[in-house]
Amino acid sequence: MTDLTKLSLADARRALADKSFTATELTGAYLTAIEAANPSLNAYVAVTGEQALEMAKASDEKLAKGQGGSLEGIPLGIKDLFGTKGVHTQAASHILDGFKPEYESTITSQLWRDGAVMLGKLNMDEFAMGSSNETSFYGPVVSPFRAQGSNANLVPGGSSGGSAAAVAAWLCAGATATDTGGSIRQPAAFTGTVGIKPTYGRCSRWGVVAFASSLDQAGPIARTVEDAALLMTSMSGFDPKDSTSADLAVPDFAAAVERGVKGLTIGVPREYRMDGMPSEIEKLWSQGLEWLVAEGATVKDISLPHTKYALPAYYIVAPAEASSNLARYDGVKYGLRVSGKDITDMYELTRAAGFGREVKRRIMIGTYVLSAGYFDAYYVKAQKVRTLIKKDFEDAFNLGVDAILTPATPSAAFGIGDEALAADPVAMYLNDVFTVTVNMAGLPGIAVPAGKDAKGLPLGLQLIGKPFDEETLFAAARIIERSADTDFSPTPWW
Amino acid sequence: MSVDAATVKRIARLARIRIDESEITSYQGELNAILGFVEQLQEVDVDGVEPMTSVTPMTLRRRDDRISDGGYAERIVSNAPLSEDNFFMVPKVVE
């Protein structure tokens with residue numbers, strides 16, 4: 001029998017329906033792979049083997065009767081940010097030590113409703129704050145990729161680094177992830193996987209640990225465009241428990257994948273051509289455009305004049321919202337408590353011990369920009385700039401642009417413990433320069449592998465769409481995936 | 001705008017995060033690097049621009065004012081570091 005973990009989610013789904021193998025066998029194959037790989041890759045922070053096999057058994061009973069949902073028997077990894085009832089949910093933070101929620105997030109409950117099997121919880125940057133998965137309390141995730149001729153460990157990107165690494169290394173058929181400034185798309189680009197951040201409001205935020213509520217959006221990471229579309233259909237939908245959930249019908253996203261790009265207009269924003277952009281990124285970008293044109297799309301040069309202000313505005317808005325959201329971790333309701341001489345002492349000691357350095361830094365920035373006397377100069381100003389960023393996109397779409405093509409990241413994956421990045425917080429933040437505009441404007445964006453750099457590491461392109469038009473993104477990403485016609489899987493060393 | 005050591009201490013206090021004297025200088029440097037980076041927003045002309053309040057056009061939904069959830073205090077406190085009779089326990093706050 002072929003290695004079951006190597007099948008795409010779509011192929012595994014067909015094979016399960018055909019009874020070529022059982023959900024129990026498929027789940028068993030993934031659990032074996034996780035056991036072998038996780039000591040090296042550190043992608044999972046909790047493996048729920050027993051529960052997975054029980055869920056698989058229930059799926060097998062349904063499949064035997066020719067029943068079952070759209071993801072029946074498909075083993076998934078779940079980012080540690082999603083509340084999963086009775087199971088490790090700590091946002092990869094020390095401050096949530098031992099937290100096992102009494103509830104299930106809306107998104108995961110929809111995946112289980114459709115028959116998916118939970119393999120465990122995936123590592124991430126602490127509270128989703130990071131671009132390298134190095135801020136996790138559980139230690140960094142190691143990328144399954146290595147540069148040619150090198151044994152140096154690389155980062156899988158972040159914050160959904162565990163999700164991206166697990167998908168790329170065949171440790172799950174697909175994974176949930178979240179994206180506040182690029183946390184789905186950047187790790188997907190670094191690991192040769194497909195990741196989509198849906199339109200704000202498409203997927204419920206209920207039961208997902210909050211980072212920056214006006215920017216946070218969950219989505220899938222998968223090995224193919226079709227797999228990502230299948231997962232997204234299950235994850236999407238109106239939820240009365242999320243006040244910003246969009247009350248819209250969910251399309252069958254997988255049905256849009258082979259729709260093609262004939263007649264579409266693809267925008268190319270001149271402001272994304274950054275000074276000092278590596279030539280291989282520029283080449284990749286032109287190549288992507290050629291592929292889309294060859295399939296009948298038209299290219300249009302556009303301007304998004306406020307692009308360069310998106311990242312600075314983000315580093316006001318996101319920390320401000322985070323400082324407010326993370327006020328709830330006080331040693332009283334859940335997780336870690338460090339005793340002190342009085343209640344304030346307890347709060348301060350608990351938060352000092354429970355949060356990592358990056359999280360503390362962002363809470364402090366957020367506290368500062370919201371404090372008396374600075375609110376208008378920082379927060380209100382940033383929200384005004386955000387209005388302008390969104391208007392830039394609206395203007396482009398009003399010119400007849402259907403989707404926008406950009407690089408996903410300024411470079412391929414970098415090394416774990418990169419000293420230049422560790423010394424300068426802003427240098428690390430620049431990883432999100434191409435992705436963060438999309439969160440600021442609430443738009444959907446997909447990262448799709450498109451090529452490799454000189455060292456054989458994957459590089460991704462990003463497509464940005466109109467609000468609630470993820471279907472066009474899946475269709476265009478599929479053209480890039482098909483035209484690239486490249487095996488983006490890692491060479492196992494673990 | 002940049003922050004001095006006293007401001008770093010004040011922010012940490014407001015954020016309820018204890019920081020050691022020995023950490024102040026490094027926090028000060030990191031916070032000033034970030035504040036220096038966001039300084040470029042000053043270049044943007046925002047005259048007459050409304051601050052964003054919602055990224056997608058939506059009005060907050062309303063619902064009937066009736067109890068739709070609750071009645072499970074023991075589940076609410078089940079993750080508390082310290083609880084008694086379904087109350088969260090904290091150090092004494094009133095003398």
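All chains are named by letter (A, B, ...) in the order of the sequence lines, taking the proteins before the strands, and each is independently numbered beginning at 1. Everything numeric here is computed off the predicted structure, so don't read it as measured data.
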Top contributor to chain A contacts, counting heavy-atom pairs under 4.5 Å, from Thr56(B), Val44(B), Val93(B): Val44(B)
Arg75(B), part contacting chain A, at a heavy-atom distance under 4.5 Å: both
Within residues 19-29 of chain B, which residues come under 4.5 Å of chain A, heavy atom to heavy atom? Ile19(B), Glu23(B), Ser26(B), Tyr27(B)
Do we see a donor-acceptor contact under 3.5 Å between the side chains of Asn431(A) and Ser131(A)? no
Just checking Phe127(A) against Tyr329(A), ring centres under 6.0 Å apart? yes
The interface call for Val332(A) against chain B, heavy-atom contacts under 4.5 Å, is both
Lys341(A), Arg357(A), Lys100(A): which one forms the most heavy-atom pairs within less than 4.5 Å of chain B? Arg357(A)
Scan side-chain atoms only and decide if Ser213(A) and Asn325(A) contain a donor-acceptor pair under the 3.5 Å cut-off. yes
Least distance between heavy atoms, Leu336(A) atom then Gly354(A) atom: CD2-CA, 3.6 Å
Under 4.5 Å from any heavy atom of chain A, what part of Asp45(B) do you find: side chain, backbone, both or neither? backbone
Give, as side chain, backbone, both or neither, the part of Val49(B) having an atom under 4.5 angstrom from any heavy atom of chain A. both
Under 4.5 Å heavy-atom distance to chain A, tell me which part of Val77(B) shows up: side chain, backbone, both or neither. neither
What part of Asp247(A) is in contact with chain B, defined as an atom under 4.5 angstrom from a non-hydrogen atom: side chain, backbone, both or neither? neither
Do any N or O atoms from the side chain of Lys381(A) and from the backbone of Leu41(B) form a donor-acceptor pair under 3.5 angstrom? yes
Strictly below 4.0 Å, N to O, side chains only: are Glu394(A) and Lys391(A) in salt-bridge contact? no
Would you please test Ser214(A) and Arg386(A) for side-chain hydrogen bond (donor to acceptor under 3.5 Å, both in side chains) and show each step? CA-CA 11 Å; Ser214(A) 79; Arg386(A) 200 173 167 190; 2.9 Å; yes
Under 4.5 Å from any heavy atom of chain A, what part of Leu60(B) do you find: side chain, backbone, both or neither? side chain
Identify which part of Thr7(B) has an atom lying under 4.5 Å from any heavy atom of chain A, answering side chain, backbone, both or neither. side chain
Exercise: do Arg10(B) and Ser371(A) side chains pair donor with acceptor under 3.5 Å: no
Taking every non-hydrogen pair under 4.5 Å, which of Tyr314(A), Phe238(A), Tyr315(A) racks up the most with chain B? Phe238(A)
So, Asp345(A) and Arg18(B), do they make that salt bridge, N to O below 4.0 Å? yes
Determine whether the side chains of Glu126(A) and Thr135(A) contain a donor N or O and an acceptor N or O closer than 3.5 Å. no
Given a strict heavy-atom distance threshold of 4.5 Å, which part of Glu50(B) is in contact with chain A: side chain, backbone, both, or neither? backbone
Could you check whether atom CD of Glu419(A) has more than 12 heavy atoms from other residues, nucleotides or ligands sitting under 6.0 Å from it? no
